[in-house]
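Here the structure is laid out as structure tokens; the discussion comes afterwards.
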Amino acid sequence: MTIMVSGTGIAGMSTALAAANAGHRVTLCGPHASTPPAGGIQLAPNGWRALDQLGLFDAAIERATRLDHIVVRDLGSGATLTRLSLNNHYASIGRADLLDLLQNTVAKRDSITHHAALISHAVPHKDGVDLVFEDGHSTRAAALVAADGAAGLGRRLVAGAISANRQLNGRVAMRADIDAALIPAVFAQPASNLWLGQGAHLVHYPIAGGARINFAVTLSAQLAAGQWQAKIFGTNPLFETLASGSFTWATTSVSPAGSPLCWRRGRLVLAGDAAHVMPPHLAQGAGQALQDAASLQQALTTADSIDDALAIYARHRTSVVSMVARKADISGKIMALGGAGGRLRNLMIGLAGPSFLHSWLADVWAGDPGMVK
Ligand SMILES: Cc1cc2nc3c(=O)[nH]c(=O)nc-3n(C[C@H](O)[C@H](O)[C@H](O)COP(=O)(O)OP(=O)(O)OC[C@H]3O[C@@H](n4cnc5c(N)ncnc54)[C@H](O)[C@@H]3O)c2cc1C
């Protein structure tokens with residue numbers, strides 16, 4: 001019997017490849033997005049290691065932009081608070097480029113078929129999952145990997161309706177994907193830049209080899225409702241063009257981190273945002289999704305049965321993800337500080353230096369110790 005994977009995002013397609021790499025026949029279900037998404041993501045060493053385990057490292061790094069430093073600055077004064085050198089693989093990649101790579105790789109695999117309909121019902125049993133699709137088709141799969149996002153059916157079935165509701169914390173991310181030729185050349189430098197303001201922060205980094213710049217500003221929904229650009233970018237001449245407000249900014253709600261304690265119901269397991277909602281503060285949502293896929297591949301390859309593999313995967317990943325989620329939430333709270341708290345934060349970051357930042361990120365970037373090659 002086939003393993004069904006629901007969702008054609010980063011988690012779904014990488015998980016379908018993982019199960020195929022482990023020797024299973026796979027059906028990937030759900031429609032592909034009709035328009036490629038804008039913007040990019042940063043992938044830290046743990047994400048690149050997972051891509052390597054999936055056999056995608058070379059093809060992905062070719063489409064990526066390596067970043068040499070993380071630079072943390074004060075948004076008000078422009079002062080550099082700390083600068084961390086990145087010696088390991090750390091790179092940005094366009095969302096559309098990563099999805100295109102995954103989609104092309106999946107399409108070339110004989111053991112993966114694609115069914116473009118959404119799942120409308122799934123009933124997990126001891127030895128399989130009964131599935132009904134929105135196009136009326138029904139089938140039984142050996143297992144279902146639900147990578148259908150934070151509001152998907154999989155999470156509702158495993159965690160229940162209440163936990164599936166996404167709690168919002170009143171903060172939003174404003175995102176823009178801007179042609180580098182339209183803004184100062186300094187934005188194309190190969191660094192991940194974090195600007196800490198009072199109650200808001202800005203992240204930017206180049207994608208597509210510096211041809212485009214990805215911006216994300218996290219601020220309160222209340223502030224974002226008005227002419228927020230002038231308030232956030234202030235009088236810093238570097239941001240003059242951005243403050244003019246002539247670019248298109250997309251709004252995304254930022255949820256606090258959340259992951260159900262259990263990722264599995266019988267032969268149904270969760271992966272990606274369905275398993276763990278990550279606020280973007282540590283840039284780990286997609287990286288963790290890739291780690292889910294690599295971990296599932298290892299479990300399916302080495303365990304004696306599908307049941308053992310799903311149990312090992314779920315147990316292993318919940319413990320790693322809870323640490324990453326906790327750190328992402330704490331980081332978000334620190335980044336959101338305003339007033340005296342924000343000033344004290346900036347002072348402490350400056351005093352602690354890059355080794356503190358490195359030690360905060362080290363266990364997140366080390367990824368899944370059981371999975372290191
Ligand atoms: C502002 C912001 C910045 C971010 N930056 C980073 C970053 O720098 N680095 C990083 O690693 N992560 C980052 N992330 C997180 C990252 O974008 C997500 O974690 C990742 O895209 C989630 O992928 P996914 O495949 O799990 O979910 P999704 O992309 O949500 O995919 C879910 C899929 O499931 C499908 N689906 C839904 N219901 C069904 C159904 N019933 N049947 C079949 N299919 C179904 C949908 O159509 C969709 O294709 C960021 C997020 C935000 C908001």
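All ligand and atom numbering here is 1-based and tracks the order in the structure. The residues of the chain are indexed from 1 along the displayed sequence.
To the nearest 0.5 Å, atom CD of residue Gln229 and atom CG of residue Leu242 are 8.5 Å apart. The CH2 atom of Trp249 sits 10.5 Å away from atom CG of Asp177, with the distance rounded to the nearest 0.5 Å. Gln227 contributes atom CD, which lies 12.5 Å from atom CD1 of Ile232 (distance to the nearest 0.5 angstrom).
Checked against a 3.5 angstrom limit, the closest N/O atoms of Ala117 and ligand 1 fall outside it. Between Ala11 and ligand 1, at least one pair of N/O atoms sits closer than 3.5 Å. An N or O contact shorter than 3.5 Å is missing between Pro31 and ligand 1 by distance. Polar contact check, Asp273 against ligand 1: a nitrogen or oxygen pair lies under 3.5 Å apart. For Gly287, a nitrogen or oxygen atom sits less than 3.5 Å from a nitrogen or oxygen atom of ligand 1, counting backbone and side chain alike.
In this structure, atom 1 (C) of ligand 1 lies nearest to the protein heavy atom Arg175 CD, 3.4 Å. Distance from atom 38 (N) of ligand 1 to its nearest protein heavy atom, with residue and atom name: Asp148 CB, 3.7 Å. Summary of contacts: the protein heavy atom closest to atom 2 (C) of ligand 1 is Pro280 CB, 3.6 Å.
Atom 47 (O) of ligand 1 is never approached by the protein to below 4.0 angstrom, counting heavy atoms only. For atom 28 (P) of ligand 1, the nearest protein heavy atom is 4.0 Å or more away.
Electrostatic pairing of Arg140 and Asp127 counts as a salt bridge here, judged by a charged N lying under 4.0 Å from a carboxylate O.
In summary, the aromatic rings of Phe239 and Trp195 are positioned with their centroids under 6.0 Å apart.
Residue-level proximity to ligand 1 for Ala289 is absent, since no heavy atom of it falls below 4.0 angstrom. Heavy atoms of Ala283 found under 4.0 angstrom from ligand 1 belong to the backbone as well as the side chain. Here Thr252 has side-chain heavy atoms under 4.0 Å from ligand 1, and that is the only part of it that gets that close.
A ring pair (Phe, Tyr, Trp, His ring centres under 6.0 Å) check over residues 13-37, counting only residues at least two apart or in different chains, returns the pairs His32-His114.
Within the structure, ligand 1 has Gln284 among the residues with a heavy atom less than 4.0 angstrom away. Between Ala147 and ligand 1 there is a heavy-atom distance shorter than 4.0 Å.
Interface atoms of ligand 1 facing Gly7, defined by a heavy-atom separation under 4.0 Å, are 33 (C), 34 (O), 35 (C), 43 (C), 44 (N). Close approach to Gly272 involves these atoms of ligand 1, each under 4.0 Å from a residue heavy atom: 26 (O). Under a 4.0 Å criterion applied to the non-hydrogen atoms of Gly9, ligand 1 contributes the atoms 25 (O), 31 (O), 49 (O). With ligand atoms numbered from 1 in the order given, ligand 1 contributes 1 (C) to contacts under 4.0 Å with heavy atoms of Ala173. Under a 4.0 Å criterion applied to the non-hydrogen atoms of Ser6, ligand 1 contributes the atoms 43 (C).
Other residues, nucleotides and ligands contribute more than 12 heavy atoms inside 6.0 Å of the CD atom of Glu134. More than 12 heavy atoms of other residues, nucleotides or ligands shown are found within 6.0 angstrom of CZ on Arg73. Heavy atoms from other residues, nucleotides or ligands lying under 6.0 Å from NE2 of His358 number 12 at most. More than 12 heavy atoms of other residues, nucleotides or ligands shown are found within 6.0 angstrom of CG on Leu351.
In this structure His89 satisfies the side chain to side chain donor-acceptor pair (under 3.5 Å) test together with Arg66, sequence neighbours excluded.
Ring geometry, Phe356 versus Trp360: the interplanar angle falls under 30°, so the pair is classed parallel (tilted spans 30 to 60°).
One option in His32, Gln42, His121, Arg95 has a heavy atom closer to atom 5 (N) of ligand 1 than any other, and that option is Arg95.
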